[in-house]
Amino acid sequence: MPIKVVVRKGSYFDSVSLMSLSTKANQLEGITQAVVAMGTEMNKGVLRNVGLFVPEIDRAGSGDLLIVVAAPTEARCDTAVIEIEALFEQRQSKARGAGDARYATLESAVRHVPQANLVIISVPGEHAAREARKAIESDLHVMLFSDNMSIDDEISLKQVAHANGLLVMGPDCGTAILGGIGLCFANKVRRGDVGIVAASGTGSQEVSVRVHGLGGGISQLIGTGGRDLSEKVGGVMMIDAMRALGADPATAVIVLVSKPPAKSVERKVLAEIEACRKPVVVCFLGGSQDAVIQAGGHFARTTSEAALKAMQLSGKHEEVAPQEPLDAALIETVRGGLGSGQKFIRGLLCGGTICDELMLIAREKYANVYSNIAKDPEHRLQDINQSREHTFIDFGDDEFTRGRPHPMIDPSLRIERLLREAADPSVGVIVMDFILGFGAHEDPVGVTLAAILQARQIAAEGGRHLEILAYVLGTGEDRPPRHEQIGKLVAAGVRIADSCTHAGLLARSFVAKEARS
């Protein structure tokens, strides 16, 4: 199959822009595959793995842009490149029309925008530490969207930032809301008095939209990066962020969201909670409540519980209704529609924390729960492309995103998996999340609807009903608004969960036959 390669020398684009452009490029009619990426060694490795590497690609350096197209004919390759380059021009024209300024270096941006106090870095990981150090030297807080940074660089950067009273959010930090402005992947939520510190992107988004839905709002949302609570990093950024929110007059309640920290780090965080003069809600998914309560914190088992407790602690408990019990009649109806062999749940998720929470809830009833992100080797999938029993897949994990856009931007891999899972006669329920907000796909439900209908048809042809359960993470202020996305799903016969927690409880109940022994 013909492959066309264009190398744009010295033409840098950030990874957020390239993820969006890659998604649009792969939607062009009549092409087999397109990759739009910087010419880093990692991206070259990805091109080798997917069979798109040709010798011309070796000419590209890490600061050069690669456009790689595979199509049935050389003529289609040529026209596809022209169409992709037009996408770049459209993006640049839109930016110019919006009055956005472009600077070639961080130093130039600092000179021209002296009032700025934060920089977002999304260069390839091997260059991110250098740019972050420049930002810290310029007295700027840093949000590191970049991943693939060494842990030694992360430790060094955070220690220097800590000494200078600055924040380093990340690496691999995808969500923040500072001063009411959503950065990277974030939702449109009202401002309020709940502050969030999170080592999890979608976990922090989920708590923020739950607080919004309960009538509250967010003062600040500070991401730490997923490794911050590890033994080596030591929770530097979570503790600094807690102190910043403790001193913030707009914050009344602090919520922490993460997987359980390393034990030594947990002790540091608990000591900080004990010293904090503001109430702290702790949602360490799968963690133990005893130590949190002893430190004076408020333990939350799930993200929904964390949001509810935050609202209660902010003095709005009379305005907040407790979580509604599950609809027993609905559960019996769904169970009755499934065949005796349809015993299993398959979770196809974009959000890592959503995947974790769904697994946590499923494991309360079932022992045979597996995932590509399970910490326990016995419950980790040996082959990420092969499900077994109850399986929950995080399509945002590195195994799926190397050289590809995040599934919140490009859902194509998840769509392929949906059709395969629908053909499995042992599957009764498929759970999917649809994440709205800044940076996400402009219509995540719309782009998946045809596959949902096809999946239901595949099951019907096998004489089975397939229950598809969806959760839409977002608000009515997001674009597209949450209610519009839900309307499309309902019209397609999809069951809707009100929250991540609700989705987990429904899914395990729909297929539940026996409680976990």
Side-chain angles (χ1 to χ4, degrees), residues 1-92 102 104-105 121-131 145-150 153 171-172 383-385 395-407 409-417:
M1 181 175 294
I3 298 173
K4 174 82 173 182
V5 176
V6 173
V7 179
R8 280 190 181 184
K9 288 289 185 180
S11 185
Y12 175 76
F13 284 82
D14 66 89
S15 56
V16 179
S17 299
L18 291 179
M19 284 192 290
S20 176
L21 288 164
S22 286
T23 299
K24 292 179 180 178
N26 278 286
Q27 292 171 348
L28 295 174
E29 187 174 352
I31 68 167
T32 305
Q33 190 171 3
V35 174
V36 184
M38 300 305 297
T40 63
E41 289 306 312
M42 185 188 77
N43 287 336
K44 290 177 183 178
V46 170
L47 290 166
R48 287 188 179 93
N49 290 338
V50 299
L52 293 181
F53 190 88
V54 294
E56 301 153 76
I57 291 172
D58 269 331
R59 302 196 333 254
S62 60
D64 302 331
L65 178 70
L66 282 171
I67 301 174
V68 184
V69 179
T73 66
E74 290 186 7
R76 184 61 188 115
C77 284
D78 291 337
T79 57
V81 168
I82 294 171
E83 291 169 23
I84 291 169
E85 290 183 328
L87 292 175
F88 277 96
E89 182 55 37
Q90 289 171 14
R91 187 177 186 86
Q92 291 174 310
R102 294 180 63 89
T105 65
I121 295 175
S122 61
V123 301
E126 60 265 35
H127 306 301
R130 180 186 63 200
E131 296 303 316
F145 186 83
S146 304
D147 58 5
N148 296 303
M149 176 186 287
S150 76
D153 279 333
D172 201 17
D383 180 354
I384 62 172
N385 296 306
F395 283 91
D397 190 59
D398 289 347
E399 292 172 298
F400 288 104
T401 58
R402 289 190 185 99
R404 298 184 65 98
H406 193 278
I409 297 172
D410 178 7
S412 56
L413 285 180
R414 184 168 75 153
I415 287 172
E416 292 173 13
R417 188 64 167 262

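Applying the side-chain hydrogen bond (donor to acceptor under 3.5 Å, both in side chains) rule to Thr40 yields the partners Asn43; only residues at least two apart in sequence or on another chain are considered. In this structure, the side chain to side chain contact (heavy atoms under 4.5 Å, CB included) partners of Pro171, at least two apart in sequence or on a different chain, are Leu144, Met149, Glu154, Arg227. Ser150 meets the side-chain hydrogen bond (donor to acceptor under 3.5 Å, both in side chains) test with Asp153; sequence neighbours excluded. Taking the side chain to side chain contact (heavy atoms under 4.5 Å, CB included) definition, one finds that Asn148 meets it with Met42, sequence neighbours left out. Scored by the side-chain hydrogen bond (donor to acceptor under 3.5 Å, both in side chains) test, Ser62 finds His127 as partners (sequence neighbours excluded). With sequence neighbours excluded, the residues that form a salt bridge (Lys or Arg N to Asp or Glu O under 4.0 Å) with Asp64 are Lys9. With sequence neighbours left out, the side chain to side chain contact (heavy atoms under 4.5 Å, CB included) criterion links Ala80 to Ile31, Val69, Arg76. Partners of Phe53 according to the ring pair (Phe, Tyr, Trp, His ring centres under 6.0 Å) rule, which considers only residues two or more places apart in sequence or in another chain, do not exist here. Residues satisfying the side-chain hydrogen bond (donor to acceptor under 3.5 Å, both in side chains) criterion with Arg417, sequence neighbours excluded, are Ser387, Glu421. Under the salt bridge (Lys or Arg N to Asp or Glu O under 4.0 Å) criterion, Glu41 pairs with Lys44, not counting sequence neighbours. Partners of Leu413 by side chain to side chain contact (heavy atoms under 4.5 Å, CB included), not counting sequence neighbours, listed by chain and number: Phe395, Phe400, Arg404, Glu416.
Here the straight-line distance linking atom CD of Gln27 with atom CG of Leu87 works out to 9.5 Å at 0.5 Å rounding. Interatomic distance, CD of Glu399 versus CD1 of Ile384, reported as 4.5 Å (0.5 Å rounding). To the nearest 0.5 angstrom, Glu85 atom CD is 4.5 Å from Ile67 atom CD1. The line from OG1 of Thr73 to CE of Met1 is 10.0 Å long, rounded to the nearest 0.5 Å. We find the CD1-CG distance between Ile3 and Leu47 to be 9.0 Å, quoted to the nearest 0.5 Å.
Taking each heavy atom of Lys4 and Cys77 in turn, the nearest pair found is CB-CB, 3.6 Å. Looking at every heavy atom in both residues, Pro2 comes nearest to Pro72 through CD-O, 3.6 Å. A pairwise comparison of heavy atoms in Gly30 and Ala71 identifies O-CB, 4.0 Å as the closest pair.
Remark: the backbone N or O of Val123 is paired with a side-chain donor or acceptor of Ser146 at under 3.5 angstrom. Looking only at distances, no side-chain donor or acceptor of Asn26 sits under 3.5 Å from a matching main-chain atom of Gln33.
Residue pairs satisfying the salt bridge (Lys or Arg N to Asp or Glu O under 4.0 Å) criterion with at least one member in residues 28-38, sequence neighbours excluded, are absent.
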Verify side chain to side chain contact (heavy atoms under 4.5 Å, CB included) between Asp147 and Asp398, making sure each step is shown before the conclusion. CA-CA 10 Å; Asp147 58 5; Asp398 289 347; 4.3 Å; yes

Leu66 vs Val5, side chain to side chain contact (heavy atoms under 4.5 Å, CB included): CA-CA, chis, key distance, verdict: CA-CA 7 Å; Leu66 282 171; Val5 176; 4.3 Å; yes

Decide side chain to side chain contact (heavy atoms under 4.5 Å, CB included) for Glu56 and Val7; before the verdict, give the C-alpha distance in whole Å, the side-chain angles of both, and the deciding distance to 0.1 Å. CA-CA 8 Å; Glu56 301 153 76; Val7 179; 5.6 Å; no

Applying side chain to side chain contact (heavy atoms under 4.5 Å, CB included), run through Leu65 and Val6 and close with a yes or a no. CA-CA 8 Å; Leu65 178 70; Val6 173; over 6 Å; no

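Residues Val35 and Ser22 are not in side-chain contact: their nearest non-hydrogen atoms beyond the backbone lie 4.5 Å or more apart.
Around CD of Glu74, the count of heavy atoms belonging to other residues, nucleotides or ligands within 6.0 Å does not exceed 12.
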